[in-house]
K.L.:
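Quick one: the structure is below, questions incoming.
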Amino acid sequence: MKKFLYNNIFLIAGIITGGIAGYFYWRQVGYSSGTCLITSKPLNSTVYGALMGALLLNIFKSNRKKAHKISC
């Protein structure tokens, strides 16, 4: 479990921060008329924010695989 968390720390952080940001965006800007599918409901806005946060912070994930040396 620790290895999974360590390997995916940026993904998890992106989901959490994006979800919080999406919810606060709905609180401040959300449209109750239903014209915008993302901001009309808090669940939609939170899920969209979590997805965008995960995609954004997953860019910074480094490739931790060791390069194999080729000996001649």
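Keep in mind that this is a model prediction, so the values were computed, not measured.
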K.L.:
Please check this pair: side chain of Asn58 against backbone of Ala54, looking for a donor-acceptor N/O pair closer than 3.5 Å.
P.N.:
no
K.L.:
For a side chain to side chain contact (heavy atoms under 4.5 Å, CB included) with Thr46, tell me which candidate from Tyr25, Trp26, Phe24, Tyr23 qualifies.
P.N.:
Tyr23
K.L.:
According to a hydrophobic-cluster definition based on side-chain heavy atoms being under 4.5 Å apart (Ile, Leu, Val, Met, Phe, Trp, Tyr only), do Ile15 and Phe10 belong together?
P.N.:
no
K.L.:
Shortest non-hydrogen contact from Leu57 to Ala13?
P.N.:
CD1-C, 3.9 Å
K.L.:
Testing the basics here: between Gly22 and Ser45, what is the closest heavy-atom pair and its distance to 0.1 Å?
P.N.:
O-OG, 2.6 Å
K.L.:
From Leu11 CG over to Leu56 CG, what is the distance, rounded to the nearest 0.5 angstrom?
P.N.:
11.5 Å
K.L.:
Less than 4.5 Å apart, any side-chain heavy atom of Leu5 and any of Ile12?
P.N.:
yes
K.L.:
Do the non-hydrogen side-chain atoms of Leu51 and Val47 ever get within less than 4.5 Å of each other?
P.N.:
no
